[in-house]
Trainee: 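My structure is below; once you've seen it, I'll send some questions.
Just so you know, these numbers use all the heavy atoms, side chains as well, and skip hydrogens, waters and symmetry mates.
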Amino acid sequence: MTERKRPVTFREVFAVREYRAIYFSLLVNWVGDYLARAAIAVLVYQQSHSVLLSAASFAINFLPWVVGGALLSALADRYPYRTVLITCDLSRMVLIGLLLIPHLPIWVMLVLLFVASLGAPPTQAARSALLPLLMKREQMPMAIATNATTTQSAQVVGYLAGAALATAINPQFALLIDVVTFALSASLIASGVRSRPAARERNKRAHLLQESAEGFRLVFGRETLRSIAILIFVLTMFAIVPEGLAAAWAAQGDPDSATRGLNQGLIMAAGPIGFVIGGLFSGRLVGPEWRERLIRPLAVLSTLILVPALIGPPPPLAAVLVALSGIAQGGLSPTLNSKFVLILPHGFRARAFGVMQTGLQLSQFVGVMATGWLANEFKLPLVVGVWSIGGTALMALLIGRWPSRQAFQLATDDAAASILPHVPRHAAPPTVEAAPEHHGPPRHSAETSVSAVSTSVTPERT
């Protein structure tokens, strides 16, 4: 495929019919998902008056990744992607619909949320694997950027709308909208995406546990990959806390339900807004040299900015702090993402994606649950501030042990040493965002490597 001299336009990307179906499915799916998260956090807090249970209702969305994200992601390659997407949407539609039953015990709600969340890993893996099969090589960077921006925007809209609807009208109304979005997403995939065979033939499959273990050994066995992974995990563990505790934070000190809903939405949406701003700044306005230099200061600032929560700022000011932290995180994203992907050997990207997503969700789950438990015993602003001090200390320690630029360059050269082997006709060549092609030695010819390429390994504010 020849390289283009002029940039790809949005019109060219959206001219692909199947991409339009995937895009609008992603849009309604994410809006409904985040809307439901905000509404359920309010619903649980209203019934229990417990910060811990409210945090648990938010954190339970991460649990499927924690207990089996790598395995669930690998399932997507064993069945047609279109079938995976439709099945997961319809299953989650039914499960979220059960939450509309009045007066459900909280433990039943949490179980339904957990089972519904099991559909997230195969859905995300199938969607990311399908994108390179739809788009030309030169269209991929624009398609990836469009999806990433849409995801963050959907998170903002979902959080604001979910919190407002849950407090001003009724949490069940927000859940009903989520049910409708799942049905709409499934219909978009069914009508707009054609059926394709499964990526992995039955006779070429290995044991899921064996394949997952190889991914973990790769990520944590190499210094450069391990350094990026641990930095991202620590960052998300400390930065996710304001979102997870937003419902309880907004409820403290203001008896007006409409104001509480607005404050919750502001806190939950501030991080994604900052993340988008930081990503645009780093990706569009800062050159490669400065992006490299900014890794260390941005890593420390991402948690240091949240330390003033100690003094108990009002929710709007807390939202400003969260947004500034999000800007620092978004500024890190392009650099860390490109480094990680370029270091990966060809044939390991799908498994590395599963490892990173599992670690991200585990980090967020631990952060939200730990601070939710602490906030039940101590003042919430004190918990957030002290937690951020600990995060700043850890980030400073990790940055002090950060590999040299030469180490990253050697790792990238090693991954680029071999020529890409033959790619089956039904699969598009792997594309690493806007970077030149770099391919390492193939380890397993049966491995489908495209499924993780279109998905960032850096935090996506999930």
Trainee: Which residues pass the salt bridge (Lys or Arg N to Asp or Glu O under 4.0 Å) test with Asp33, not counting sequence neighbours?
Mentor: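 Checked Asp33 against salt bridge (Lys or Arg N to Asp or Glu O under 4.0 Å); matches are Arg37.
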Trainee: For the CG atom of Leu321 and the OG atom of Ser325, what is their distance to the nearest 0.5 Å?
Mentor: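 One gets 9.0 Å once the value is rounded to the nearest 0.5 Å.
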Trainee: With sequence neighbours excluded, give me every ring-ring contact (aromatic ring centres under 6.0 Å, His included) pair touching residues 377-402.
Mentor: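 Only Phe238-Trp387, Trp402-Phe408 qualify under ring-ring contact (aromatic ring centres under 6.0 Å, His included).
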Trainee: Is any side-chain heavy atom of Leu398 closer than 4.5 Å to a side-chain heavy atom of Ile230?
Mentor: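 Of all side-chain heavy-atom pairs linking Ile230 with Leu398, at least one is under 4.5 Å.
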Trainee: Could you verify whether a donor N or O on one side chain and an acceptor N or O on the other, from Ser227 and Glu223, lie under 3.5 Å apart?
Mentor: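 Result is no, nothing qualifies.
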Trainee: Do Val13 and Tyr19 come within less than 4.5 Å of each other through their side chains, counting heavy atoms only?
Mentor: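 Val13 vs Tyr19: side chains touch.
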Trainee: So, Ser91 side chain and Cys88 main chain: donor-acceptor pair closer than 3.5 Å or not?
Mentor: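 Not a single qualifying donor-acceptor pair exists.
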Trainee: Just jot down the salt bridge (Lys or Arg N to Asp or Glu O under 4.0 Å) partners of Arg405, sequence neighbours excluded, or say none.
Mentor: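 With sequence neighbours excluded, Arg405 shows a salt bridge (Lys or Arg N to Asp or Glu O under 4.0 Å) to Glu289, given in chain and number order.
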Trainee: Measure the CZ-CG distance between Arg226 and Leu218 for me, rounded to the nearest 0.5 Å.
Mentor: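 The CZ atom of Arg226 sits 11.5 Å away from the CG atom of Leu218.
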Trainee: Between Ile228 and Thr224, is there a side-chain heavy-atom distance shorter than 4.5 Å?
Mentor: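 In short, these two side chains do not touch, never coming nearer than 4.5 Å.
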Trainee: When rounded to the nearest 0.5 angstrom, what distance separates CG in Leu294 from CG in Leu301?
Mentor: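 If we round to the nearest 0.5 Å, Leu294:CG and Leu301:CG are 9.5 Å apart.
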Trainee: Return the CG to CD distance between Leu235 and Gln329, rounded to the nearest 0.5 Å.
Mentor: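 Here the rounded value is 4.5 Å.
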Trainee: Who passes side chain to side chain contact (heavy atoms under 4.5 Å, CB included) against Val386, sequence neighbours left out?
Mentor: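 For Val386, the residues satisfying side chain to side chain contact (heavy atoms under 4.5 Å, CB included) (neighbours in sequence not counted) are Leu310, Leu382.
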Trainee: Between atom CG of Leu113 and atom CG of Leu98, what is the distance when rounded to the nearest 0.5 Å?
Mentor: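 One finds 11.0 Å between CG of Leu113 and CG of Leu98.
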Trainee: Among residues at least two apart in sequence or on other chains, which ones pass side chain to side chain donor-acceptor pair (under 3.5 Å) with Asp89?
Mentor: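 Expected list: Asn29, Ser185.
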Trainee: Taking only residues two or more places apart in sequence, or in another chain, which ones meet Val94 in a side chain to side chain contact (heavy atoms under 4.5 Å, CB included)?
Mentor: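 None.
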Trainee: With no hydrogens and no angle check, do the side chains of Thr303 and Thr392 hold a donor and an acceptor under 3.5 Å apart?
Mentor: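 Yes, side-chain donor-acceptor contact under 3.5 Å.
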Trainee: Under 4.5 Å between any side-chain heavy atoms of Ile327 and Leu324, yes or no?
Mentor: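 Of all side-chain heavy-atom pairs linking Leu324 with Ile327, at least one is under 4.5 Å.
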